[in-house]
Amino acid sequence: MKLKIKLPPDGRDVHFSLPFGFTAQGEKCDGVFAADDIGIYIYTDGSLTAEYRLTDFAEFRCHRMVGTSMAQGVSENGGETAFCGFSQDMFLRFAEVMKLLEHYVRTGELITDTGEDEPVCPKCGMPLEGGNECVFCRSKGSVMLRLLKMIRPYRKYFFAAVVFTVISQAVWVFVPYLDRVLIDRYVTPKTDNVHGIAVIALSMMTLLAAAGVSDFFNMKNSFRVALNLGKDIREAVFEKSQQLSMSSVSKRTAGELINRISNDAAKIEDFVTANGKDMIVKLLSFIILSTLMFLINPKLALLTLLPTPFALILVKKLEHIMHMNYTRVWKTSVAHSEKLHDILHGIREVKSFGREKQEEERYSRYSLAFTKACIRGETMWYMTQPFAYFIVTAGNYLMLYFGGKMVLGEALTLGQLVQFTTYASMLYDPINWLFQMPRLLADASVSAGKVFEILDERSDVRDIPDPVRLEIKGDIELDDVSFGYRSYDPVLKNITCNIRQGEMIGIVGHSGVGKSTLINLIMRLYDCTGGEIRIDGVPIGDIEQHSLRSQIGVVLQESFLFDGSVYDNISYAKPQAGFEEIIRAAKIANAHEFITKLPDGYNTKVGNKGFQLSGGERQRIAIARAVLNDPRIIILDEATASLDTQTEKMIQQSLAKLTEGRTTIAIAHRLSTLSNADRLFVLDKGRLAETGTHKELMEKKGGYYRLVMAQRQTTKMRAAT
Amino acid sequence: MQTETEIYEADRLTLLDCDKIKLSRTKSGFLSLNYDGREYPRIDATRLMPFYSKTTYISLCYENEEKELREAGVIKDMADLDSEQYRVLEEYLSYKYYMPEITKVYNIRDNMQGSIFVKTDTTSGEKTICVKDWYQNFRMLTDDYLYVCDAEGNKYFCENIHKLDKKSRSVLEMFT
């Protein structure tokens with residue numbers, strides 16, 4: 001990252017120099033923050049206004065506020081000094097400088113080679129993220145081209161559809177020729193050649209039958225392509241949503257993801273069914289019909305096609321407007337789906353707070369907004385449509401006037417004119433279709449854009465090439481581990497510890513101190529921003545994610561049970577498990593007894609989210625699920641927090657069986673839950689403050705002691721009230 | 001760690017008496033507070049409802065010895081402060097919540113990949129704001145209030161889009 005952006009006005013030779021817009025007191029200014037290996041120099045409006053020695057500080061940090069942030073130094077005794085304030089676009093650079101300065105005062109090593117900025121798109125300034133082309137600035141055409149490329153596996157059917165459409169179109173082109181022959185040979189000369197008329201009628205009938213058969217095969221193949229394409233898109237988006245890291249997935253609501261998987265894929269499917277092959281066929285029709293018309297009479301053909309360029313200009317103009325309209329439709333549709341999902345997901349809360357009426361009203365508002373956006377888009381379209389149609393068909397009137405004159409002047413036969421007018425009306429079909437394109441294309445390309453947005457997203461937790469498939473024993477080492485959900489805002493700082501195979505570790509600390517974050521890192525749901533985690537001596541980043549997670553058993557506070565039977569839910573961790581294995585797992589989890597009392601035993605449906613079972617029963621199924629795979633590492637994140645004391649005792653027994661001989665990391669607010677832990681890790685402000693057994697930590701009278709005392713006091717007070 | 005009194009008082013909203021408040025800026029970049037004789041050397045002021053009101057319900061928080069966040073109290077209405085105190089607090093809040101106001105919207109380009117580029121005039125000058133995931137970051141908080149968060153984390157707002165000029169309104173119409 002480039003950390004020399006604006007040089008000090010006095011030309012001082014420094015290692016880092018960044019512009020800022022606010023003084024330490026928050027007044028607006030034009031400033032430069034500069035630092036070398038001795039000190040920090042603050043220039044405000046062209047002159048040096050403050051100077052600090054690096055050795056006066058033990059820590060450097062950026063404090064993120066709402067609209068601005070400030071760079072600060074913290075002295076040994078905790079005293080803070082603000083150097084300057086800056087807008088958020090400079091945050092990452094300041095955060096990097098602060099990190100490097102802190103590293104320097106801690107280790108004496110000053111890193112000045114910070115490289116260049118990551119390549120950014122010259123157009124929008126967004127990082128290129130390893131690609132050559134900016135995903136945000138790709139042309140609209142490339143989105144559709146990419147969509148067409150997805151048809152490749154079904155090209156056989158696609159071309160079959162094109163061929164049958166061409167046959168059908170060719171038949172329709174031939175019919176006006178027969179009209180001309182009928183008029184010029186048999187009707188106008190008034191011959192009594194009934195045989196000739198019958199042959200023409202029979203030919204027409206045969207041709208129309210052939211067109212019907214072609215249409216059937218055309219639609220059969222078209223649907224096959226479109227439906228398969230829709231399936232591929234749905235599966236690709238779903239697969240991607242499974243592969244993306246937690247941070248990427250949690251950016252979007254479930255409703256939005258559902259919308260992309262179902263609705264957007266369906267729109268693309270519809271577009272391809274209706275228009276995929278038409279693009280080729282209509283273009284071919286246009287070329288063939290125009291050529292035939294020019295062959296019959298170039299002057300009339302020119303008159304017919306005269307308004308087409310004007311129609312094209314209008315199409316281009318409308319394209320943008322329709323795109324905007326359909327984006328709005330998409331936005332309201334997503335908002336509507338999100339709301340629907342949100343309300344149905346929280347139906348218990350809705351009912352228990354008696355908010356059904358309000359939710360009905362809230363849903364109606366979103367539904368109405370969606371309807372209004374659709375009406376607006378369609379109204380806009382149908383307002384311009386008749387006018388556009390008039391422009392397109394204006395050539396028809398010119399052609400009729402001049403064609404009629406030619407027939408009267410015997411420059412053209414009546415049959416030729418009829419053939420010509422039929423071709424002209426047929427020609428308006430592809431032109432009209434082209435005119436429909438802005439609407440169709442806008443609708444489909446908005447959906448295609450949204451689908452590709454997900455497909456192009458790079459997961460920030462990725463396997464290395466040839467990752468290690470490790471048979472885990474259970475040793476875990478954390479070596480100077482730091483992590484922040486935003487890299488500049490660390491939640492965990494410099495955590496170093498070893499967890500031995502088979503050991504049970506309890507993690508304690510206040511809410512928000514980073515306990516769950518720590519286990520998320522061990523499960524590699526996120527990657528550390530500093531330091532390294534090693535499992536059995538192998539860096540966690542080198543282990544295949546699937547191999548790692550399949551050997552970790554997790555029981556969370558609110559375990560999620562999928563809609564299915566008790567059997568399905570336990571076997572979720574190991575689908576190939578035999579029936580006996582499942583029963584054994586249930587027995588370890590103390591779940592077997594209550595399952596036997598259920599009407600359908602292991603085949604009892606647990607219902608949506610397991611609501612037919614009690615909290616304790618759900619937890620025991622979750623424990624059985626965790627135990628089934630014989631994991632080497634067990635993670636218990638507040639596994640008993642939401643249960644009453646009696647159920648907790650029962651679950652504790654299950655957990656004791658589960659954790660036997662396995663490396664276990666448990667988080668619990670109720671400190672008594674961790675009484676059987678071999679060691680306790682006390683986290684404070686993201687740092688590992690204390691480690692030791694319960695007895696050792698109580699004797700130490702530090703943070704853990706205070707936590708225990710506070711909890712005892714609260715319990716006493718509760719008992720007194 | 002919470003003291004016994006704090007546990008009992010956790011649910012009580014402590015409204016501060018504006019006559020007893022003495023705020024001043026410190027070299028840490030934060031504020032210091034003397035309230036009725038009690039000293040708080042490092043105070044952070046927060047608008048509790050920043051989108052509804054900028055000068056009412058201002059929370060003053062500090063870190064105790066255990067580095068836990070505690071609330072000294074809430075100023076119900078800054079208008080009750082004397083002019084000097086009002087100025088100190090207002091300056092701090094304007095700095096913390098620095099957010100240029102959008103005064104004109106020239107055009108909006110949608111790249112069809114979830115981002116939009118909004119060419120605007122703001123109280124900090126002309127700027128093209130790049131908004132990623134625009135349906136999340138370019139949104140109406142109420143029927144009037146537009147809130148924008150750009151790709152770099154800068155925030156912008158327009159208190160009432162209906163008061164913008166006609167062209168700006170028509171540009172915004174498709175995206176709001």
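Below, chain A is the first sequence line, B the second, and so on; all start at residue 1.
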M65(A) vs Y98(B) side-chain heavy atoms within contact, under 4.5 Å: no
If we define contacts as heavy-atom pairs under 4.5 Å, which of N325(A), D684(A), T332(A) has the most with chain B? N325(A)
So which part of T23(A) gets closer than 4.5 Å to some heavy atom of chain B, the side chain, the backbone, both or neither? backbone
Report which part of Q72(A) has an atom under 4.5 Å of a heavy atom belonging to chain B: side chain, backbone, both, or neither. side chain
Could you list the residues that satisfy ring pair (Phe, Tyr, Trp, His ring centres under 6.0 Å) with Y97(B), not counting sequence neighbours? none
Measure R47(B) against the heavy atoms of chain A and call it side chain, backbone, both or neither at under 4.5 Å. neither
Should the heavy atoms of other residues, nucleotides or ligands under 6.0 Å from NZ of K54(B) be counted, would the total exceed 12? yes
OH of Y52(B): more than 12 outside heavy atoms within 6.0 angstrom? no
Of the non-hydrogen atoms in G153(B) and R64(A), which two are nearest, and what is the gap between them? CA-NH2, 4.1 Å
Just checking heavy atoms, which of residues 26-37 of chain B are less than 4.5 Å from chain A? T26(B), K27(B), S28(B), G29(B), F30(B)
Pairs satisfying salt bridge (Lys or Arg N to Asp or Glu O under 4.0 Å), at least one member in residues 138-155 of chain B, at least two apart: none
Once side chain to side chain donor-acceptor pair (under 3.5 Å) is applied, what residue pairs with a partner in residues 87-96 of chain B remain, sequence neighbours excluded? D44(B)-Y92(B), D44(B)-K96(B), T46(B)-K96(B), E84(B)-R87(B), R87(B)-E91(B), E90(B)-S94(B)
